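Just the heavy atoms: all of them, side chains too, but no hydrogens, waters or symmetry mates, feed the values below. In listed order, ligands and their atoms are each counted from 1. Everything quoted here is computed from the prediction, not taken from an experiment.
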Amino acid sequence: MSVVSRPAGRLAGPEQPALEEIAAYVVAAAVWAPSVHNTQPWWFSADGPELSLHADAGRQLRVADPRGREMLISCGAALFTARLALRSLGYVPQTSVLPDPGEPFLVARVSWQRRAAAAGYEQRLYSQVRRRRTHRGGFDHAPIPLDLVTTLQEGAERDGAMIRIVRGAGNRAVLAAAVQTAEQALELDGIYARELASWATPPGSTRRDGVPQTAYSAWPEFTLPYFPGRGFATGHRRGATGISPSAAPRSAGLACILTTAGDGLTDWVNAGQALQRALLTGATCGVAAALHSQPLERARLREFLRTQLCDGAYPQLVLRLGSAAQTAVGVRRAPASVLFASGGEHLTISDE
Ligand SMILES: Cc1cc2nc3c(=O)[nH]c(=O)nc-3n(C[C@H](O)[C@H](O)[C@H](O)COP(=O)(O)O)c2cc1C
């Protein structure tokens, strides 16, 4: 039974589906959220008409992300996807973010009881959950439609975040320079480089997490200005070879910074929800996003960007938006391996 791409069987009919079926459907969608290095730092517990989303501290990047900021942004993206999956079934999710101050790893509780048909835009967003892929490299020179930019900005505000467009050659160059500086510093840091390498999965690997070699280029792909990607290919010559190493630089796309007014746990979860909303909204219009968190993993560079380009708000992620052909294949852990009944046993899921 595939309950992921669209509701089928009892989930699609007028009959009330079993609560376990709903939980399985929601989790099977939520795992397709983006996460830093595809760490998928989450697990879920189901209890009647309620799902709890937990951060998995064992999957936190101890070197790159010691505070767990990127882990919670990733969980926020999974939370948005879970809510969207419930909407696709016609349920109205009731969400409580970080419901227990004593339990910071309990990211959210989502329950469902009331019903209301999904709006057209919710169905369109949901249709992109498994199709959307992170882009790495340059974009075609086509501009992003202005009304899409407005929609992205309004969407982020609904989730308690803000998308700031970095306009002007000077500011774009400043942002690119921050990414370059961070990338150089990170590549020279042996402990960091080892952690990154442990998430760049080798060819033929059966792992269902980490970044597969189809997802990054074997050599740097130049953009104007130059936003270097993560060094997933450093130290070996793995990676996609679709773009020639001597190709002319491509467009860096529309450079943006996702920010929040504060920098606490809730802000990070909000940023993740806003991120996934923006990525899915872009995908419905054929617009892909390249993500850069390198400068935000260096405290001084993050502070520099906060004061120079973000009006004092906290930068949570650097994004570049544009259109480009994509060949990356997504990998995820089986939903059954991250979904438990509240008593601790695995819920049986028959779809993957
Ligand atoms: C908080 C966060 C930070 C990320 N930082 C980067 C980054 O610096 N560079 C990059 O190429 N991708 C980055 N990503 C994208 C992930 O690598 C990507 O979501 C993951 O590999 C899964 O692939 P998919 O998005 O194509 O499904 C980030 C994602 C999140 C949620």
Side-chain angles (χ1 to χ4, degrees), residues 29-42 55 59-61 64-65 67-81 107 128-138 161 175-176 178-180 182-183 185-187 192 195-196 198-201 207-217 220-221 223 227-234 239-240 253 257-260 267-280 282-283 288-298 301-302 314-321 324 326-333:
V31 296
W32 286 96
S35 62
V36 62
H37 299 359
N38 202 15
T39 47
Q40 304 168 47
W42 47 60
R59 292 178 161 267
Q60 181 180 347
L61 301 175
D65 183 31
R67 295 170 71 205
R69 187 183 64 84
E70 295 183 83
M71 175 175 72
L72 282 195
I73 294 177
S74 306
C75 289
L79 173 60
F80 182 83
T81 319
V107 176
Q128 297 301 319
V129 164
R130 285 161 70 102
R131 286 189 202 139
R132 176 213 60 80
R133 290 278 74 78
T134 296
H135 180 68
R136 296 184 176 88
L175 182 59
V179 176
Q180 290 165 26
E183 183 55 32
L186 292 171
E187 288 202 17
Y192 165 87
E195 182 180 68
L196 180 74
S198 72
W199 291 100
T201 46
R207 269 176 68 174
R208 295 176 76 170
D209 57 7
V211 181
Q213 62 165 354
T214 56
Y216 56 88
S217 174
E221 193 186 322
T223 55
F227 283 83
R230 292 266 189 188
F232 291 117
T234 304
I257 307 180
L258 178 69
T259 65
T260 49
D267 299 296
W268 300 344
V269 177
N270 287 348
Q273 296 213 73
L275 170 69
Q276 178 68 327
R277 183 195 293 272
L279 297 179
L280 294 175
L291 278 53
H292 295 273
S293 43
Q294 303 105 312
L296 310 181
E297 291 171 1
R298 309 298 288 189
L301 281 170
R302 186 169 187 235
Y314 290 87
Q316 303 296 356
L317 209 58
V318 174
L319 307 171
R320 295 183 293 111
L321 304 175
Q326 288 194 287
T327 52
V329 179
V331 288
R332 292 297 189 274
R333 290 184 292 157

*Check each heavy atom of R332 against ligand 1 and say whether those closer than 4.0 Å belong to the side chain, the backbone, both or neither.*
side chain
*Does the side chain of Y314 reach to within under 4.5 Å of the side chain of T260, using non-hydrogen atoms?*
yes
*Any donor-acceptor pair under 3.5 Å linking the side chain of Q180 with the backbone of P228?*
no
*Do T327 and R133 have side-chain N/O donor and acceptor atoms under 3.5 Å apart?*
no
_If the cut-off is 4.0 Å to any non-hydrogen atom of L317, which atoms of ligand 1 fall inside it?_
3 (C)
*asked:* Considering non-hydrogen atoms of the protein only, which is the closest contact for atom 4 (C) of ligand 1, and what is the distance?
replied: S293 OG, 3.6 Å
*Side-chain donor-acceptor pair under 3.5 Å between Q316 and R302, yes or no?*
yes
*Shortest non-hydrogen contact from T201 to G210?*
CG2-CA, 4.2 Å
_Part of R230 with heavy atoms under 4.0 Å of ligand 1, whether side chain, backbone, both or neither_ = side chain
*With a cut-off of 4.0 Å, which atoms of ligand 1 are near a heavy atom of P34?*
19 (O), 25 (O), 31 (C)
*For ligand 1, which atoms have a heavy atom of E70 less than 4.0 angstrom away?*
1 (C), 3 (C)
*asked:* Quick test of your reading of the structure: of L186, D65, V36, V129, whose heavy atom lies closest to atom 2 (C) of ligand 1?
replied: V36
*For ligand 1, does L291 get within less than 4.0 Å through its side chain, its backbone, both, or neither, judged by non-hydrogen atoms?*
both
*asked:* Taking 4.0 Å as the limit for heavy-atom contacts, which would you say applies to T134 with ligand 1: side chain only, backbone only, both, or neither?
replied: both
_Minimum side-chain heavy-atom gap L175-H292 below 4.5 Å_ = no
*asked:* Can you name the atoms of ligand 1, numbered from 1 with element, that are less than 4.0 Å from a heavy atom of S74?
replied: 31 (C)
*Under 4.0 Å, heavy atoms only, figure out whether ligand 1 is touched by the backbone of S35, its side chain, both or neither.*
backbone
*Looking at side-chain heavy atoms only, is the closest gap between V107 and W42 below 4.5 Å?*
no
*Would you mind listing which atoms of ligand 1 come within a distance below 4.0 Å of any non-hydrogen atom of H292?*
8 (O)
_Close approach of Q316 to ligand 1, heavy atoms, under 4.0 angstrom_ = no
*Taking atom CG of D65 and atom CE of M71, what is their separation to the nearest 0.5 Å?*
7.0 Å
_With heavy-atom distances below 4.0 Å as the criterion, list the atoms of ligand 1 near V211._
21 (O)
_Less than 6.0 angstrom from the centroid, inside 45 degrees of the normal: does R131 satisfy that with respect to the ring of W32?_
no
*Which atoms of ligand 1 sit under 4.0 Å from any heavy atom of H37?*
17 (O)
*asked:* Students should be able to answer this: which protein heavy-atom is nearest to atom 11 (O) of ligand 1, and at what distance?
replied: R136 NE, 2.5 Å
_Parallel, tilted or perpendicular: which one describes the rings of F232 and H37, with boundaries at 30° and 60°?_
perpendicular
